[in-house]
Amino acid sequence: MSMGSVNHILIETHGNVAVVNFQTEKLNVLSHTLRSDLYQAIEQLLADDHVKSIVLAGSAKVFSAGADIAEFSAGTHLNFPSLHDLIHQISDAQKPIVAAVSGTALGGGLELALACQHRVVHAKAQLALPEVHLGLLPGAAGTQLLPRYIGAALALDAILTAKPLKLATLTDSALIDVLTETDAKQAAVEFAQTLTTSTHIKHQNLELTEELQALLQAKRDALGNKPQHLVQHAILSAVEAALTLDFVAGFAKEQALFQELTSSDVSKSLRHAFFAEREAKHIPDLDVAIQAKAIERVAVIGAGTMGSGIAICFLQAGFPVTLIENQQAGLDRGLALIAKHFAGQVAKGRLTEEKATAIQANLATSLEYSALATVDLAVEAVFEDWDVKTSVLKHMDTHLPAHAVLASNTSTLDLNQLAAQTSRPESVVGLHFFSPAQIMPLLEIVRTDSTDQATLKTALEIGKRLKKTAVVAGVCDGFIGNRMLNAYLRIAGLLIDAGASPYQIDRALENWGMAMGPFRMCDMAGNDIDYMIRKHQLKLNPTKKFSGFADQLFELKRFGQKTQKGWYDYSQGNRRGDVDAEVIALIDAYRAEKGIQAQQFSDEEIVARCIYALANEGFRLLEEGIALRQSDIDVVYLAGYGFPRWRGGPMFYATEQGLNTMILNMQQFAQDPTTDASFWQVPALLAQSVA
Ligand code: NAD
């Protein structure tokens with residue numbers, strides 16, 4: 001065995017077999033450097049007469065995590081050798097090249113393996129084409145090669161869903177030469193020693209059978225022509241090309257479709273969302289040398305809706321949890337909620353009975369705050385009441401050990417003032433979960449004026465361990481998400497008083513892409529809650545203008561789903577609610593009484609007012625330093641409020657439309673006396689961004 005090395009690459013030879021080992025610190029992402037190194041190493045081995053076959057081996061964990069997505073925007077992915085150059089070099093080689101896939105092969109990484117004539121794969125390796133999540137298709141021959149290896153139906157499924165290939169079911173396919181439970185590299189070397197010549201599967205043409213034609217048609221019909229499905233349609237066209245064209249023409253077609261997607265708004269938005277989520281984890285002023293505190297035991301105080309859900313989150317992440325209440329009945333209610341959740345997980349096959357039992361064995365309960373003495377982190381989720389919260393925080397302060405983190409799930413109370421009630425405000429942080437906490441991915445980490453770096457770092461670490469999408473926010477009423485929601489609901493409410501119907505508003509925003517229109521959402525959360533939030537905001541700012549009709553709906557006790565009637569009628573069992581003629585009549589009567597001449601609003605105008613309300617409040621949050629970056633605001637809205645990911649988030653959307661356009665729209669909205677002219681005043685930061 002001899003060895004030589006070029007940068008990330010280590011070449012070993014076993015008799016006539018040369019192994020190209022490649023390993024970078026960055027998951028073998030196919031950066032320009034790695035591509036160059038691979039290209040050069042392969043070129044050298046192809047020219048070496050002593051070498052009869054070549055094995056490409058990534059690290060034990062990662063074959064390759066794929067292309068460097070940042071290069072797509074910069075255009076450097078095309079620099080020689082591009083991934084295409086590498087794919088051509090490997091698939092045209094006159095010597096057999098075997099991919100030893102020991103671990104993850106994603107996207108371009110899998111395409112690299114597909115370009116090889118053979119693959120030896122570890123049974124636990126993860127092979128997937130996740131490009132669709134970024135609004136792209138596999139653009140390095142993946143759409144042309146995978147159908148040739150495993151058939152078009154399975155390939156389509158893999159590319160459209162991004163799900164990992166089920167390797168055990170593919171051992172008879174050309175994709176897998178050897179599926180091994182032991183060392184894939186070793187197995188690949190042994191396999192390569194048996195090879196003489198090989199031709200690449202790309203030279204075999206496929207056929208568009210009637211069955212496949214019907215499959216493609218059925219998928220197209222199911223997709224319809226919604227703008228966000230442009231990506232799926234492109235994938236269908238690319239796979240169709242694999243069935244009707246030879247490899248060269250099919251690859252060219254794939255390339256053309258890939259280019260189209262790269263420059264599409266949908267893909268730009270999805271890629272923005274991906275990078276925004278990554279960026280949210282980095283807090284610019286957080287000293288990298290600061291260590292997070294070690295958190296082993298956790299307490300949750302208050303076993304209501306939120307407390308139970310939060311306890312479930314920690315239990316599922318493997319933390320021992322003590323649930324604390326001030327009365328047995330509250331504890332019993334919480335325990336029942338938690339037991340119901342785990343029974344549901346078992347019934348749905350997401351957890352085994354044993355696992356569910358083991359997780360719940362990690363749950364202890366107490367009616368005494370003295371139970372806090374042994375925990376490292378306590379999260380309070382008691383009633384949203386100043387006196388109750390301060391008393392609970394004082395108990396936490398008394399009983400928690402000195403190193404502990406004191407977290408609050410408050411939605412509306414001033415966390416700076418709450419923290420000041422303790423003797424250690426530097427250890428207080430907001431962990432604002434969303435309901436249901438065990439399902440909603442968003443976690444706002446609220447940093448007070450005194451939260452210290454170690455506490456903030458710990459909160460970020462907790463977010464990671466709970467697998468939440470965490471965003472850091474400063475203290476203000478509503479933090480990032482609810483403050484934007486409140487602005488959005490207020491503007492939507494004023495549209496009703498002025499002439500739009502709640503059904504038109506919901507329909508317009510749902511057609512635009514929101515998971516749920518504002519009024520359907522209020523019916524779900526409860527119009528009584530919405531009423532309380534309005535009153536709370538009025539207390540903070542008595543001149544704020546709100547829909548008067550929304551208050552009337554509250555007074556009629558139309559609270560929404562829980563009372564069967566709200567903006568919609570739920571009495572017929574329709575969970576999405578039925579349009580209610582009574583509500584329309586009530587709105588008409590309200591306008592008549594107030595002497596309001598109903599205006600007509602187009603769907604576009606409704607969407608513009610509501611989405612610009614979000615972005616406008618977003619600019620204020622940035623201006624006040626509550627949010628660190630525009631992209632953080634997008635992450636909050638994508639992860640917590642059903643904003644369409646393919647539109648990137650409210651800030652990205654507004655920016656892509658042109659901030660000038662946003663300002664012109666706002667100036668025009670401000671002219672309408674039925675809305676709130678002061679809200680539409682252009683924030684200085686927005687004006688500056690345009691200038
Ligand atoms: P809830 O009324 O369902 O639960 C509150 C629980 O706290 C009750 O079980 C009560 O018995 C318990 N409790 C009250 N005083 C206590 C004390 N002194 N010691 C121990 N336990 C005590 O309320 P919730 O909806 O779960 O809200 C809890 C907190 O979460 C509030 O601060 C709320 O603003 C916040 N929050 C709620 C939501 C939501 O959608 N419901 C979302 C995010 C945050």
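Note that ligands are numbered from 1 as they come in the structure, with each ligand's atoms numbered from 1 the same way. If you're wondering where the values come from, they're calculated on a predicted model, not measured in any experiment.
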Closer than 4.0 Å: a protein non-hydrogen atom to atom 23 (O) of ligand 1 = no

Ligand-residue contact atoms, ligand 1 with [X], heavy atoms, under 4.0 Å:
X	result
Gln327	11 (O)
Ala303	9 (O)
Asn409	29 (C), 30 (O), 32 (O), 35 (C), 36 (N), 44 (C)
Gly302	7 (O), 12 (C), 21 (N)

How far is [atom] from its nearest protein heavy atom, and which residue and atom name does that atom have?
atom	result
atom 2 (O) of ligand 1	Phe383 CE2, 3.4 Å
atom 33 (C) of ligand 1	Glu384 OE1, 3.7 Å
atom 7 (O) of ligand 1	Val382 CA, 3.4 Å
atom 1 (P) of ligand 1	Gly304 CA, 4.0 Å
atom 16 (C) of ligand 1	Asn326 ND2, 3.4 Å
atom 19 (N) of ligand 1	Tyr369 OH, 2.8 Å
atom 43 (C) of ligand 1	Phe433 O, 3.1 Å
atom 8 (C) of ligand 1	Glu325 OE2, 3.4 Å

Between Asn486 and Asn482, is a side-chain hydrogen bond (donor to acceptor under 3.5 Å, both in side chains) present by the stated rule, with each step listed?
-> CA-CA 6 Å; Asn486 292 342; Asn482 283 344; over 6 Å; no

Any salt bridge between [X] and [Y], counting N to O under 4.0 Å?
X	Y	result
Arg333	Glu325	no
Arg465	Glu461	no
Asp397	Arg424	yes

Indicate yes or no for a side-chain donor-acceptor contact from [X] to the backbone of [Y] under 3.5 Å, with no hydrogens or angles considered.
X	Y	answer
Gln360	Ala356	yes
Asp506	Arg520	yes
Thr455	Thr451	no
Gln453	Asp287	yes
Asp603	Ala508	no

Once you restrict to heavy atoms under 4.0 Å, what part of [X] touches ligand 1? Side chain, backbone, both or neither.
X	result
Ile301	side chain
Val392	side chain
Val388	side chain
Phe434	neither
Ser411	both

Heavy-atom proximity to atom 27 (O) of ligand 1, picking from Glu380, Glu444, Met306, points to Met306

Closest to atom 40 (O) of ligand 1 (judged by heavy-atom distance), picking from Ser408, Ser435, Ser366 = Ser435

Measuring from the heavy atoms of Arg333, does anything fall under 4.0 Å of ligand 1?
-> yes

Between Glu380 and Ser408, a side-chain donor and acceptor under 3.5 Å = yes

Are Tyr568 and Asn574 close enough that a side-chain donor and a side-chain acceptor fall under 3.5 Å?
-> no

Of the options Ile324, Val379, Asn326, which is the one that meets Ile301 in a side chain to side chain contact (heavy atoms under 4.5 Å, CB included)?
-> Ile324

Candidates Phe549, Trp567, Tyr503 - the one meeting ring pair (Phe, Tyr, Trp, His ring centres under 6.0 Å) with Phe519 = Trp567

Would you check whether [X] has a nitrogen or oxygen atom less than 3.5 angstrom from a nitrogen or oxygen atom of ligand 1?
X	value
Gly330	no
Thr410	no
His432	no

Residue pair Asn416 / Thr448, side-chain heavy-atom distance below 4.5 Å | yes

